[in-house]
There are 2 protein chains.
Amino acid sequence: MRDMDFVPLGLAADLVILTVRDGRLQVLLIRRGIPPYEGQWALPGGFVRPDEDLETTARRELAEETGLTTERIHLEQLATYGAPDRDPRGRVVSVAYLALVPDLPAPVAGSDAASASWIDVQKVRGLAFDHDRILTDGVERARAKLEYSPLATAFCPPEFTISELRGVYEAVWGTPLDPRNFHRKVTKTPDFVAPVGTTTTRDGGRPAQLFHRGTATTLHPPMTRA
Amino acid sequence: MRDMDFVPLGLAADLVILTVRDGRLQVLLIRRGIPPYEGQWALPGGFVRPDEDLETTARRELAEETGLTTERIHLEQLATYGAPDRDPRGRVVSVAYLALVPDLPAPVAGSDAASASWIDVQKVRGLAFDHDRILTDGVERARAKLEYSPLATAFCPPEFTISELRGVYEAVWGTPLDPRNFHRKVTKTPDFVAPVGTTTTRDGGRPAQLFHRGTATTLHPPMTRA
DNA sequence: TCAAAAGTGTTTGTCCTACACCCATGA
DNA sequence: TCATGGGTGTAGGACAAACACTTTTGA
């Protein structure tokens, strides 16, 4: 690093916000109200303010788009995209973040002027800028992380059943899993989940135990895709 | 993303360049010749030029510091660091890259004015800026990737023996591995390595087969740390 | 002949898969 | 009572750790 050299450029934080709804992996997109790419779908995001940390920007945008208290939301840096021609307005470097949120009880309200919607990840094509690529990277990250981390719980409400957790894996990976073996594996992996002590019949059939997140940060051995 | 908003800021690419020498994991550091942090060790890096892609900046710096043709060098984006106060000169956002290079036959020459050295990763402390953190993240990434990718070969010359490859794992992970089981596992994992057909006695003892990289991009099943 | 490293065989235990089977509820 | 999902048991196979053993070189 030599002299300071302030090239004129914009610094943005864009968000890949994923959730599982109706058994399908979905992403929160906004429809752009202004050029460039007016009318097209894009990832939510915004410019980093002076003296604002990158993650603070991301969390602020997340709160604006989802209307949620974001303290308990999983948010991690994904990657940075800086091709010189990625934004027709000029040089804009975007730090992308990946957020995993539970199926929201409240609708996506108050997301300023632009209209926001949950869209099936499978159906998304033709996003503005290089957002197709960013989304692909985010989904791939999420798929990989479910294998060796307890991150699937980030898609669940505070209390969940084992089959709800299984539904997350099936939606994100797009493959069916054996309910019996899944149950055994999850409950036997140390600190993956912890029993609450109560049961629910919201999934039908025999009452299922409720669990909340355990304290594990990595899974040994990992969960395996079919 | 709303209006263009060009906050004055510097955009830099910093490099965590790792190698394995003498059985130890080492990182390339430069001693800073100018303030801030004058005289302290830091990661090599430099500012992104206008209209230059981020990875191009990283590869240019890599070539400058190592004197190598960088085409065959493994280089991947690590993470972006943008705390407002991380550089006392002003707002500087740094995109960090991780490079894995073989034990260089040629010395580290021509790295402009600053003096560059290979330092044992274990012994590094007190780097300039937030470079301790960046280095830690880079080493952690390398350790994790050896498990499920054939990336250990990036530390090896084009032709290598199985025990040289094992030496890479032992150095990066800091644990001894069973030579017999390691040999079996590597040679039986499809497309991890491919036999050249010749042998060498440079490691002493019975001649060892030489291998080069296979075409695999992920390892199934993964290599396991002790 | 000996040391050193390469490479193979074998045992033992763990984990995964597949599926038979039983349990507890609502309709 | 039946349908539905929750949960346990178990047999068979794949794989990993540990280590005895053989092979091929240089000194």
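So that the names make sense, note that chain A is the first sequence line, chain B the second, and so on, each numbered from 1.
Atom NZ in A:K188 sits about 12 Å away from atom C1' in C:dT14, given to the nearest Å. What separates CG of B:D178 from C1' of C:dT10 is a distance of 14 Å, to the nearest Å. Put simply, CZ on A:F182 is 16 Å from P on C:dA18, counting in whole angstrom units. To the nearest angstrom, C1' of C:dC16 lies 17 Å from CZ of A:R225. Here C:dC16 presents its P atom at 13 Å from NE2 of A:H220, a figure rounded to the nearest Å.
As judged by a 4.0 angstrom heavy-atom cut-off over every strand, A:S163 is placed among residues touching the sugar-phosphate backbone only. Within the nucleic acid shown, B:T161 has no heavy atom closer than 4.0 Å to any nucleic acid atom. Backbone-only contact: A:P221 has heavy atoms under 4.0 Å from sugar-phosphate atoms and none from a base. Using a 4.0 Å heavy-atom distance criterion, B:D203 is classed as a sugar-phosphate-only contact.
By the neighbour-count criterion of 12 heavy atoms within 6.0 Å, atom CZ of A:R166 is densely surrounded, having more than that number from other residues, nucleotides or ligands. Within 6.0 Å of CZ in B:R202 there are more than 12 heavy atoms belonging to other residues, nucleotides or ligands. In this structure, A:R133 places its CZ atom where only 12 or fewer heavy-atom neighbours from other residues, nucleotides or ligands lie under 6.0 Å away. Around CD of B:Q122, the count of heavy atoms belonging to other residues, nucleotides or ligands within 6.0 Å does not exceed 12.
Aromatic rings of B:F129 and B:Y37 (six-membered ring for Trp) have centroids within the 6.0 Å cut-off, being under it.
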Going 5' to 3' along nucleotides 20-27 of chain C, which nucleotides have protein heavy atoms under 4.0 Å from the base (write B), which only from the sugar-phosphate (write S), and which from neither (write -)? BB-BBB--
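The main-chain N or O of A:R24 is never found under 3.5 Å from a side-chain atom of A:D22 such that the two would form a donor-acceptor pair. Put simply, the side chain of B:T66 gets close to the backbone of B:L68: a donor and an acceptor are under 3.5 Å apart. A donor-acceptor pair under 3.5 Å is absent between the side-chain atoms of A:E76 and the main chain of A:A99, judged by distance alone.
Within the structure, every side-chain polar atom (N or O) of A:K185 is placed at least 4.0 Å from both OP1 and OP2 of C:dC15.
Annotation: of the two residues near DNA chain C, B:R166 and B:R184, the 5′-most nearest-nucleotide partner is B:R166.
Contacts between chain A and DNA chain D, taken as any atom within less than 4.0 angstrom of a protein heavy atom, begin and end at D:dT4 to D:dT10.
Listed by first residue number, the stems of DNA chain D with at least three Watson-Crick or G-U pairs below 3.5 Å are C:1-27 with D:1-27.
Side chains of A:T19 and A:D103: no donor on one and acceptor on the other come within 3.5 Å.
Contact annotation: the side chain of A:V139 approaches that of A:L25 to within less than 4.5 Å [non-hydrogen atoms, C-beta and beyond].
A perpendicular orientation is assigned to the rings of A:W173 and A:Y169, their planes being inclined by more than 60° (bins at 30° and 60°).
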